[in-house]
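What follows is a single structure, written as structure tokens, with notes after it.
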Protein chains: 2
Amino acid sequence: MARATKEQSEITGRRILEVASALFADRGYAAVGLTEVATLAEVTRGAIYHHYASKQGLFQAVTAAAQQRVADEVERAADSCPDDWQGLLAGCRAFLSAAVADRNRRILLIDAPAVLDWTTWRAQDGAASGRHLVEALTTLSADGVLRVRSIESTAALLSGAMNEAALHIATAPDPGVTLDEVVDDLSRMLGALRSSPVEDEVSGSVQDLGSGAVSVVGGQEVVADQ
Amino acid sequence: MARATKEQSEITGRRILEVASALFADRGYAAVGLTEVATLAEVTRGAIYHHYASKQGLFQAVTAAAQQRVADEVERAADSCPDDWQGLLAGCRAFLSAAVADRNRRILLIDAPAVLDWTTWRAQDGAASGRHLVEALTTLSADGVLRVRSIESTAALLSGAMNEAALHIATAPDPGVTLDEVVDDLSRMLGALRSSPVEDEVSGSVQDLGSGAVSVVGGQEVVADQ
DNA sequence: TAATTTACATACACGCTGTATGTAAAACGA
DNA sequence: TCGTTTTACATACAGCGTGTATGTAAATTA
């Protein structure tokens, strides 16, 4: 059989990864066998084991790619904001939006913590979106805008809150939890961490978040109409 | 071989469940085979499949038991509080404390969402600890103490926040995230959801929980007596 | 007490992961 | 350019784990 060149090999590797990503996202890690991945990628299982060390290794590459996609969107959203505080809020909204996406949801929020061991998963998360959150909280804390007991614990709380919320947004029965509702309630909670409310920022951040109804940034004074 | 009576059969079922619970909690669902469960329970795999429909069915029974344990502790803590707001905070602390326990952590926080399908898992969670959270938020909202956009989204945010925080508390490198830090930061966030500080309701923690600006030390002292 | 159900044990079929081996062409050095 | 080495897979095989079918003796029931 004709052997492929280096570039073709790389293409094969990506094709395997994309096929696996789609299958894992659709039916979960355990329910997908490598034979199915191989056939859909038009290779044999031998090719998979040539490009990736194991099924876990393939999955880890899949999660890394998904993490990167989410992190890119978060960074893009945060960077387009004038100040750090709005950047944090925009980043949270971007994370929610990206995590809800079909290609990322099951992989990142459900399977990854169970398949990958804790240290591996934490390292990947820290290298991607988690790092942004910690950095944002750190600078805000250093600037005196944020007042928290522990940045690490706050980051964990926020990260977990958004993860779980993303799942509820995605698999909502009929009109269940919506993204706007979550962003609204999350903004209220974040507002509590501000050392002092800044009035004039409120108006600008409302349209910035685009949450449709009402957003709460400076304090918790705004009430949401249905 | 001598066949067992009904009572002995029930005992056998519980022994299988306890052995499986310990193994799943220690090494995770995927890494534990039913042969090991059988040998440690001093039965054969046939006995397991007689008492439980499948490996998933056994795991579901394990998760239900763990959920029950956690829910019991949460209810006990919440009921021993004078008012509903403190009950919420105490319940959150109790949940964190129970979720960190070795017997519950991996089962409830890592494996269950991946092994059980979403509807099954949500139904079990709603029947146990999740229900308490929603009920607490509902009554607080009805009494005007709580001001949120959506109770469901808030419950999801809080639940996810505590889940992730519990993992960070449990697997913390050296002096990592501690329970007190998490409870403190969580209390700050929850403080933002109070519609307005009620003077006569909470004696000591009037100004601290009402606005997110000021420190939360007073509010934490109420809950964190440990 | 005879019939039936129960509470397991035993044996087997099947799928999936991982590994060892084979192979032909690409990459590489002289 | 030519021989050697490495690469990029395909093929074949071993082992484990779930699930299921079957057997069996005692407990339960009529």
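Quantities reported herein were computed from a predicted structural model and do not represent experimental measurements. So that the names make sense, note that chain A is the first sequence line, chain B the second, and so on, each numbered from 1.
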- Task: Could you tell me whether Val32(A) contacts a base, only the sugar-phosphate backbone, or nothing, with contacts defined as non-hydrogen atoms closer than 4.0 Å?
- Result: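 Sugar-phosphate contact only - Val32(A) comes under 4.0 Å of backbone atoms but never of a base.
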When you get a sec, tell me which of [options] is the closest nucleotide to the side chain of [X]?
| X | options | answer |
| --- | --- | --- |
| Tyr49(B) | dA9(C), dT17(C), dT20(D) | dT20(D) |
| Ala47(B) | dA27(C), dA10(D), dC8(C) | dC8(C) |
| Val43(B) | dA7(C), dA9(C), dG18(C) | dA9(C) |

Mind calculating the distance between [atom1] ([X]) and [atom2] ([N]) to the nearest angstrom?
| X | N | atom1 | atom2 | result |
| --- | --- | --- | --- | --- |
| Glu10(B) | dT6(C) | CD | P | 15 Å |
| Lys55(B) | dC16(D) | NZ | C1' | 12 Å |
| Ile48(A) | dC16(C) | CD1 | C1' | 12 Å |
| His50(B) | dT24(D) | NE2 | P | 18 Å |
| Glu36(A) | dC16(C) | CD | P | 9 Å |
| Arg45(B) | dT10(C) | CZ | C1' | 10 Å |
| Arg14(B) | dC8(C) | CZ | P | 13 Å |
| Arg3(A) | dA25(C) | CZ | P | 11 Å |

- Task: Would you kindly compare Ala4(B) and Ser54(B) by the position of their nearest DNA chain D nucleotide and give the one closer to the 5′ end?
- Result: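 Of the two residues, Ser54(B) wins.
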- Message: Can you work out whether Glu7(B) or Thr5(A) has the more 5'-proximal nearest nucleotide on DNA chain D?
- Response: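 Checking each residue's closest nucleotide, the 5'-ward one belongs to Thr5(A).
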- Residues Gln124(B) and Thr63(B): side-chain donor-acceptor under 3.5 angstrom: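 Note: Gln124(B) and Thr63(B) side chains meet the donor-acceptor criterion.
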- Item | Expected output: side-chain Ser187(B) to main-chain Val183(B) donor-acceptor under 3.5 Å |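 Looks like yes, one N/O pair under 3.5 Å.
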- Message: Once rounded to the nearest 0.5 Å, what's the spacing between atom OG1 of Thr178(A) and atom CZ of Arg149(B)?
- Response: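 Rounded to the nearest 0.5 Å, the OG1-CZ separation comes to 6.0 Å.
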- Message: For the CG atom of Leu157(A) and the CD atom of Glu164(B), what is their distance to the nearest 0.5 Å?
- Response: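 One gets 9.0 Å once the value is rounded to the nearest 0.5 Å.
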- Query: Within less than 4.0 Å of OP1 or OP2 of dC9(D), is there a side-chain N or O belonging to His51(A)?
  - Reply: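 Yes, His51(A) has a side-chain N/O under 4.0 Å of OP1/OP2 on dC9(D).
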- Query: Quick one: is Thr12(B) getting a side-chain N or O under 4.0 Å of the dA7(C) phosphate, OP1 or OP2?
  - Reply: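 No, Thr12(B) has no side-chain N/O under 4.0 Å of OP1/OP2 on dA7(C).
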- Item | Along DNA chain C (nearest heavy atom to each residue), the more 5'-positioned of Leu34(A) and Gly46(A) |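 It is Leu34(A), whose closest nucleotide lies nearer the 5' terminus.
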- Item | Check ion pair Arg93(A)-Asp184(A) (N to O, under 4.0 angstrom) |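 No, this pair does not count.
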